[in-house]
Structures are given as structure tokens and as C-alpha cells.
Q: 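Just dropping this structure here.
Below, each value reflects all heavy atoms present in this structure, side chains not excepted, and no hydrogens, waters or symmetry copies. We name chains A, B, ... by the order of the sequence lines, and we start the count at 1 in each one.
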Amino acid sequence: MIDVQNLKNNLSETIENLSRRGFDFNEDYWLKIEEKRKKLQIETEQLQEIQNNLAREIGKLQKDKKDFSKAKEEASKFSDDLKTKKNKLDKVQAELKDFLLSIPNLIDAKVPEGNSELDNTIVEEIGKKPEFSFDIKDHQELGLLGNGMDFDGASKISKSRFVVFKDSLALLNRALINFMLDVHTKEHMYKEIYVPLIVNSDSLIGTGQLPKFKEDQFKIDDNEQDLYLIPTAEVPVTNYHRNEILDSKELPITYVCHTPCFRSEAGSYGLDTKGIIRQHQFEKVELVSFVDPENSDEQLEVLTSHAENILKKLKLPFRKVILCSQDIGFSSSLTYDLEVWLPSQNKYREISSCSNFKDFQSRRMKIRIKKDKKNILCHTLNGSGLAVGRTMAAILENYQNEDGTVSIPEVLKPYMNNLKIL
RNA sequence: GGAGAGGUGGCUGAGUGGUUGAAAGCGCUCCCCUGCUAAGGGAGUAUGUGGUAAUCCUGCAUCGAGGGUUCGAAUCCCUCCCUCUCCGCCA
């Protein structure tokens with residue numbers, strides 16, 4: 001949620017900033033409802049004060065065994081009035097909250113102007129793209145060839161956009177997860193954490209998936225339970241500290257968490273229908289940090305470098321981009337995407353998204369820091385380190401051999417029973 | 001899933017309708033005293049939000065969550081959530 005105080009004080013700047021990401025801030029509505037809220041709130045609280053005073057008076061009179069019927073009569077008069085006012089206020093406040101919750105984060109000054117991924121700023125390209133002297137295959141062909149991927153089997157037991165991994169690909173999946181967790185815990189000193197994969201709506205509101213992106217979530221359809229499958233570990237891990245006041249001495253808090261992620265991918269049925277690039281379920285290793293607001297800019301660089309490090313160790317060619325104003329996510333203020341080279345597509349494809357949310361999420365979640373005896377909102381960040389399915393696809397394609405086999409990246413061999421080839 | 005007990009401030013823990021936002025203790029902060037790794041004395045110490053530019057002042061809200069009764073609810077009633085104990089089931 002954006003800072004309401006700031007919204008009031010710097011209305012035109014805020015509107016301008018939001019318009020850069022294509023968000024049309026309804027100024028008339030805002031001014032009207034805010035004025036309404038203010039008026040109602042003042043009136044309601046004044047009535048409440050009168051009533052509280054009367055109630056206190058009655059208490060005293062009764063204690064002194066004096067007649068309090070007159071005060072009681074007066075208080076009764078207020079009671080109804082107060083109730084209707086309060087109801088009105090509740091409604092307006094709920095409406096206002098809805099409005100505020102659907103406003104995206106303000107974007108950082110570094111975010112480039114643009115309306116699609118074509119306008120993202122390319123920061124750097126790292127690693128050498130492989131050159132092939134033969135006709136290359138895409139990762140799906142390679143997976144099917146080795147009999148390690150089964151899409152038909154997956155759709156039989158579930159539905160489309162799921163996959164079954166077998167043998168060496170099942171092993172590769174597990175190897176990648178362990179490799180990534182090891183690097184982040186041992187070299188980057190993240191605390192490993194394991195969390196529920198089913199979360200309540202408060203958690204999804206906290207990180208920004210709700211109320212606006214309900215159709216992207218898998219909801220548990222069981223006795224109208226208020227539960228959803230997680231779209232990313234970001235949700236449970238960030239919400240782990242919801243409603244808490246963190247000790248500034250503990251910061252930065254950095255977690256690494258492996259989970260499956262579930263996305264309904266509503267409205268993307270034409271996209272990436274081949275292979276494992278876009279599935280309803282995929283594995284991801286996620287990095288999440290909680291930092292002092294002063295350090296979040298720096299922390300984004302650090303966190304992104306940790307994700308990059310995995311790609312470097314795997315010797316996968318990639319590039320780093322800054323998402324432009326209309327490609328950046330709802331809750332983020334600044335996002336670096338890491339895009340891995342996919343030879344079959346002759347394109348770089350997103351494999352990690354590292355974002356600084358500043359105080360947008362922590363305001364929703366009330367995550368604060370005790371600093372100089374005051375409570376301030378902390379800053380939250382996260383990034384994939386990395387998306388495992390896409391990493392697997394990238395390895396298959398970049399490490400493929402002419403005979404359809406796939407070499408195994410050096411760093412993974414210890415995790416692959418020292419196999420050299422898939 | 002069934003039966004019972006319970007959810008109060010950073011922690012422990014009082015409080016069953018009326019100045020209780022909440023005793024007391026611990027912890028923490030500041031000050032005083034004390035020539036020493038101790039003890040004592042004093043003061044302060046929840047969060048959110050409104051009026052405000054405001055850390056001053058002041059209003060309102062918050063005792064698991066949401067409703068209800070009442071002039072008035074931490075206290076009474078209803079629903080839900082969570083924790084603990086026992087039983088059932090189970091990886």
C-alpha cells in the first residue's frame with residue numbers, strides 16, 4: 001500500500017508516478033471519498049466521546065447511589081445516532097481501503113519509461129552463448145527423447161500445463177534445488193526456512209497478490225475455506241513476520257526457501273504452450289530479505305548478485321535487465337530480471353525476478369523496525385534464486401550434444417551421482 | 001472428528017458489567033546515590049488512527065477475530081480461528 005500521508009501531501013507527483021506505469025488514479029473519487037471519510041470520522045468520534053463521557057457519568061452516579069435515569073435517557077438518544085454513523089463510517093472506510101489496496105507501488109527513479117518488455121533497460125550480458133555445429137533441439141524434444149519428461153502422463157493425472165519428470169530429469173530437478181540451497185546458505189549466508197504451501201487471504205493481501213489478482217491464484221475449494229496454494233514462497237516467507245516489530249540489531253534478515261509454486265496462468269493460454277517454461281506447478285528457490293529502509297537500494301544489488309551467482313556457477317549465459325514502467329510488477333518499486341539464454345528460442349527468457357518493494361508490502365503487513373525508540377516500516381525484497389524448471393530447460397538446451405544427450409554442468413556433478421551426461 | 005481447558009501489554013500474570021489501556025512482577029530506558037563487575041532510590045516504558053506541519057497537546061480504537069446485548073464489555077451471548085490435555089484417525 002502506498003503512503004496515504006504522502007498521497008495527500010504530494011498528490012500530483014503521486015498521480016504522475018502512477019501514470020508512468022499505466023495506472024489511472026481516480027483523483028475525483030479519491031478526493032470525494034477522503035473528504036467523506038474525514039467528515040464521518042470526526043463526527044463519529046465526537047459522538048463516541050460524548051457517549052463515553054455519559055457512560056462514565058452513569059457509572060459514577062450509580063456508585064454514589066444517586067439517580068442516573070436522566071443521564072441514561074440522554075445516552076440512549078445518542079446510541080442510535082452513533083450506531084448509524086458508525087455503520088456509515090465502516091462502509092466508507094472499507095471502500096477506501098479497497099481503493100488503496102488496489103493502487104500499485106510507486107516506481108523508483110531508475111525505472112525506465114516503456115510499455116512492454118521491449119523497453120526494458122539491458123544492464124549487461126554475461127556469459128558466452130553456446131555455438132552449435134548441428135541442428136539443435138528445444139528442451140521439450142530433449143526431455144522426450146531421453147524419456148525423462150512426460151506431458152501426457154501429467155495431463156492424465158491432473159490437467160494440461162503439468163509435467164512428470166523421470167529418472168535423470170527427476171534427479172536433475174532435485175540436484176538443482178539442493179545446489180541452489182547450498183550456495184545460498186553456505187556462501188551467501190541465508191537462513192533456510194520451510195513453510196506452508198497453503199496460505200490464507202491475509203497473507204496474499206500482505207504481499208499484494210490480493211485483492212487485485214485473484215484469478216491468478218489457485219483457491220482451495222473446500223467448505224469455503226479462505227485458503228490458497230502459494231504462487232511463490234514470497235507469500236509465506238514475507239508474511240512470516242507480519243504484524244511484528246523487528247529488532248534493528250537483527251537486520252538484515254535473509255531467508256532462502258524452496259517451494260513448489262502454483263499459478264493458474266489465467267489468460268495466458270496461448271503462451272509458451274510447449275515445454276516447461278510456463279506450468280501450473282513449478283519449483284523455485286526464493287530469496288527474501290527484510291532490511292532497514294536506508295539499506296534497501298544496496299540490498300537489491302546484493303540479492304540480485306546472489307541470483308546471478310547461481311547462473312554464473314552453472315555457466316549459463318544470461319542478461320540482466322531493469323523492468324520498464326509498464327512491465328514492472330504491482331508491488332515492486334524497482335525490479336531486475338535475470339534472463340537466461342534459450343538457444344531454441346534464440347531469446348533470453350526470465351529466470352529470476354529481483355525486486356525492491358520498499359515499504360509497500362510492510363505497510364500492508366505492518367512489519368516494523370524499532371529504531372531510535374521509534375517504529376518505522378521496514379523494507380522488503382525478494383528474488384528468485386532461481387526458478388528451477390526454467391533452469392532445467394536452460395541446461396538442457398545450452399548443454400545439449402549432437403546425439404541428443406546433455407552434458408552436466410561441472411558444479412552439479414556432485415549432486416548428480418557424478419554422472420557426466422544425461 | 002469427539003470431550004475438556006484456555007487465548008490479556010516485550011515476557012510472567014491479576015482482573016467476571018462502570019474513570020481498567022488495563023494491578024503486580026520481570027525485562028528495558030533515563031536520572032540519583034554508591035569508588036567498582038553488587039545493592040538501593042526515583043521517573044518512564046503498547047500499537048494503530050483522527051484533529052494537526054508537529055516527536056508537544058488532545059480525541060477515538062485495540063485484552064485471539066468478527067458479530068450481538070447494554071447508557072457502558074477484557075468481563076455476558078453467538079460464530080469462527082488458534083493453543084494445550086485426553087480419545088479417535090493417521091504420514
Q: Would you list the pairs meeting side-chain hydrogen bond (donor to acceptor under 3.5 Å, both in side chains) in which at least one residue belongs to residues 203-214 of chain A, sequence neighbours left out?
A: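 Applying side-chain hydrogen bond (donor to acceptor under 3.5 Å, both in side chains) to every pair that reaches into residues 203-214 of chain A, excluding sequence neighbours, yields Asn200(A)-Ser203(A), Ser203(A)-Arg242(A), Thr207(A)-Gln209(A).
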Q: I'd like to know if Glu45(A) reaches the base of rG59(B) with its side chain such that a donor and an acceptor end up less than 3.5 angstrom apart.
A: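 Such a pair is found, so the answer is yes.
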Q: Which of these nucleotides, rU47(B), rC60(B), rG50(B), is closest to any side-chain atom of Asn52(A)?
A: rC60(B)
Q: Could you check which of rC71(B), rG59(B), rG51(B) has an atom nearest any side-chain atom of Ile42(A)?
A: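 Nearest to the side chain of Ile42(A) among the choices is rG51(B).
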Q: When the aromatic ring centroids of Tyr240(A) and Phe290(A) are compared, is their separation below 6.0 Å?
A: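 Between Phe290(A) and Tyr240(A), which both carry aromatic rings, the centre distance is not below 6.0 Å.
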Q: With rounding to the closest Å, how many angstrom separate the P atoms on rG72(B) and rC87(B)?
A: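 46 Å, rounded to whole Å.
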Q: In whole Å, what separates the P atom of rA74(B) from that of rA91(B)?
A: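 After rounding to an integer number of Å, I get 47 Å for this pair.
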Q: Look at the side chain of Gln51(A) and decide which nucleotide, out of rC71(B), rG48(B), rG50(B), has an atom nearest to it.
A: rC71(B)
Q: Just checking Lys39(A): base, sugar-phosphate only, or nothing, at a heavy-atom cut-off of under 4.0 Å?
A: nothing
Q: Would you sketch RNA chain B in dot-bracket for me? Only Watson-Crick or G-U wobble pairs with both distances under 3.5 Å count, crossing pairs as [ ], other-strand pairs as |, the rest as dots.
A: ((((((((.[[[..)..(.....]]]((((((.......))))))((((((.....)))))).[[[[[..)....]]]]])))))))....
Q: Nearest whole angstrom, please: distance from the C1' of rC28(B) to the CD1 of Ile245(A).
A: 14 Å
Q: Please give, in whole Å, the distance from rC60(B) P to Leu54(A) CG?
A: 12 Å
Q: Starting from P on rG59(B), measure out to CG on Leu89(A) and report it in whole angstrom.
A: 19 Å
Q: With rounding to the closest Å, how many angstrom separate the C1' atoms on rU47(B) and rC31(B)?
A: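 It works out to 27 Å between them.
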Q: Rounded to whole angstrom, note down the C1' distance from rG27(B) over to rU34(B).
A: 23 Å
Q: Distance check needed: rC71(B) P versus Glu74(A) CD, whole Å only.
A: 14 Å
